[in-house]
Amino acid sequence: MVTVRLLLLFLIILPLILGTPESAPGADKIEDTDKAHRSHLKEMMAAWKKRQNQVRTLRAKWTETIANEGEGLEQQVISLLVGDTQQMRLETRPPAQQNENEALFPGRKTPMISAFNGSKNFQFTGPLGPDDWPRGIVWSEKKYDEIHNSQIRPWLLHFRPFSTPVPNLSVDRLNVVRLDSLAGGRKCTMVETLPQKNFPLTGIYWVDPKRNFSIVRYVEKIRGIPAFELNIEYQSDPIVGWVPSAWNAALANERFATLDRILRYEINPKFTETDFNIEFPEGTIVFDRDLGYRYLLLSNGKKRKITPEESANGFQYKELITTQPEK
């Protein structure tokens, strides 16, 4: 009986000796750290939301130098329009053709244009050579086809952080790794996206609190292996505080890299619906995905349908211009 009493007494005083889980060493510190990280994330999101609301529309133009393994250096000029309801327009032109009023068919130096008007995607590519022809594609869609393009990632990260499907950032999707990680010589908050089921891609962001939580570095991983990195520099702006001024991007395998420098930008310019549509020039062969066929665009907006037989058998571009399909 005495032994039972001693055992019960021991069980009563044991928690007092060891301490309860709530009072375990370091537990309070961990909880405080979690609260601090959560508060920091909320402050970050508030700054991003304010900036996104400030910048309803955007026009930007910059130069890009491309280093592609085995192909040397290539330079181009890029223009971007961002509307207030997901509309976008991206144009890539060679440096010698920076005037948008120049002809769309400059021989081997050809523009590439893509646009999204909120419900349709448009793509245009000029002829790649003297015997080639201009091409266009149009189709209905709920998002911009180039939304994953690394060329526009700095602008999306800075001015459209909550856009879906990219970047699609939120408090619930991010985890603070460190509050004092260096990037570009600046003390930054390092955050990462939480893993998602059946989605192997994760992102790591270095955010500068002293520059209104601007993202200065981004690393993309696939199944834990680095695949892409982006480093962004900023210049001050009287309206929104900071705007990307230069950036470099590279694949982790070092086979492709770009160096970009801003030429000019405009915050909240006015756009019209036509800014986000592509009016294909005469002579363009257009593939309408919704209708499921191609046509040659003639003068006065007339269309010369290209039959499935002509597509299957091959065709001569010059013949299409002067003939009609067999009925």
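- Rounded to the nearest 0.5 Å, atoms CG (Leu58) and CG (Asp84) are 12.0 Å apart.
- A distance-only check finds a donor-acceptor pair linking the side chain of Asp290 to the backbone of Ser140 [under 3.5 Å].
- Ser114 and Tyr144 form a side-chain donor-acceptor contact under 3.5 Å, judged by distance and modelled atom types alone.
- Of the charged side-chain nitrogens involved, none lies within less than 4.0 Å of a carboxylate oxygen, so that Glu141 and Lys120 do not count as a salt-bridged pair.
- Separating the CZ atom in Phe116 from the CD atom in Glu146 is a distance of 12.5 Å, to the nearest 0.5 Å.
- Counting heavy atoms from C-beta on, the side chains of Trp247 and Arg261 never come closer than 4.5 Å.
- Side-chain atoms of Arg217 and Leu230, non-hydrogen and from C-beta on, never get closer than 4.5 Å to each other.
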- Gln123 and Asp145: side chain to side chain donor-acceptor pair (under 3.5 Å), yes or no, with the steps? CA-CA 9 Å; Gln123 288 186 358; Asp145 189 61; 3.0 Å; yes

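- For the atom pair CD1 (Ile137) and CZ (Phe124), the distance works out to 11.5 Å, reported to the nearest 0.5 Å.
- The existence of a salt bridge linking Arg38 and Asp172 is confirmed by a sub-4.0 Å separation between a basic side-chain nitrogen and an acidic carboxylate oxygen.
- Looking at Asp275, its side chain does come within 3.5 Å of a backbone N or O of Thr272 through a donor-acceptor pair.
- The closest donor-acceptor contact from the side chain of Thr193 to the backbone of Gly203 lies under 3.5 Å.
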- Under the side chain to side chain donor-acceptor pair (under 3.5 Å) rule, what do Thr258 and Asp260 come out as? Steps first, then yes or no, please. CA-CA 6 Å; Thr258 65; Asp260 300 74; 3.3 Å; yes

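- Taking 4.0 Å as the cut-off between side-chain N and carboxylate O, Glu220 and Arg153 count as a salt-bridged pair.
- Aromatic pair His40/Phe213: ring centres closer than 6.0 Å.
- Val138 has its side chain out of reach of Phe287: every pair of non-hydrogen atoms, C-beta onward, lies at least 4.5 Å apart.
- Under 4.0 Å is where a charged nitrogen must lie from a carboxylate oxygen, and between Arg264 and Glu266 no such pair does.
- Here the side chains of Ile147 and Leu156 are in contact, with some heavy-atom distance below 4.5 Å.
- The CG atom of Leu201 sits 11.0 Å away from the CZ atom of Phe228 when rounded to the nearest 0.5 Å.
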- Query: When you look at Asn149 and Leu90, which way does the side-chain contact (heavy atoms from CB on, under 4.5 Å) test go after all the steps?
  - Reply: CA-CA 10 Å; Asn149 192 329; Leu90 183 66; 3.7 Å; yes

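- Using a 4.5 Å heavy-atom threshold, the side chains of Gln54 and Asn268 count as separate.
- To the nearest 0.5 Å, the span separating OG on Ser214 from OH on Tyr234 amounts to 4.5 Å.
- Remark: aromatic rings of Phe271 and Phe276 are close, center separation under 6.0 Å.
- By the 4.0 Å N-to-carboxylate-O rule, Lys210 lies too far from Asp208 to be salt-bridged with it.
- Cation-pi contact between Lys303 and Tyr295: present, with separation from the ring centre below 6.0 Å and deviation from the ring axis of at most 45°.
- Val191 and Val166 fall within a single hydrophobic cluster, where Ile, Leu, Val, Met, Phe, Trp and Tyr are joined by side-chain heavy atoms under 4.5 Å apart, directly or via other members.
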- For Glu64 and Gln151, run side chain to side chain donor-acceptor pair (under 3.5 Å): C-alpha distance rounded to whole Å, both residues' side-chain angles, the deciding distance at 0.1 Å, then the answer. CA-CA 9 Å; Glu64 181 173 81; Gln151 291 175 318; 3.1 Å; yes

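- Although no hydrogens or angles enter the test, the distance criterion places no donor-acceptor pair under 3.5 Å between the side chain of Arg93 and the main chain of Met112.
- Residues Val216 and Asn231 fail the side-chain proximity criterion, which asks for heavy atoms closer than 4.5 Å.
- Using a 4.5 Å heavy-atom cutoff, the side chains of Arg135 and Thr284 are not in contact.
- Here the side chain of Gln52 pairs no donor or acceptor atom with the backbone of Lys49 at under 3.5 angstrom.
- When hydrophobic clusters are built by joining Ile, Leu, Val, Met, Phe, Trp and Tyr residues whose side-chain heavy atoms come closer than 4.5 Å, directly or via intermediates, Leu81 is not grouped with Trp155.
- No donor-acceptor pair under 3.5 Å is formed between the side chain of Arg173 and the backbone N or O of Glu192.
- A 4.5 Å side-chain heavy-atom check between Ile204 and Trp206 finds at least one atom pair inside the cut-off.
- When atom types are taken as modelled, the side chain of Tyr205 and the backbone of Leu174 share no donor-acceptor pair closer than 3.5 angstrom.
- Tracing side-chain contacts under 4.5 Å through hydrophobic residues (I, L, V, M, F, W, Y), one reaches Val171 starting from Val176; they form part of the same cluster.
- There is a path of hydrophobic side-chain contacts, each under 4.5 Å, that joins Ile239 to Trp48.
- Side chain of Asn168 to main chain of Thr164: no donor-acceptor pair is present (N/O by atom type, distance under 3.5 Å, no hydrogens or angles).
- Cation-pi check for Lys305 over Tyr293 is met; the charged atom lies under 6.0 angstrom from the ring centroid and within 45 degrees of its normal.
- Val219 and Leu169 fall within the same hydrophobic cluster, where Ile, Leu, Val, Met, Phe, Trp and Tyr residues are linked whenever their side-chain heavy atoms come under 4.5 Å apart, directly or through other members.
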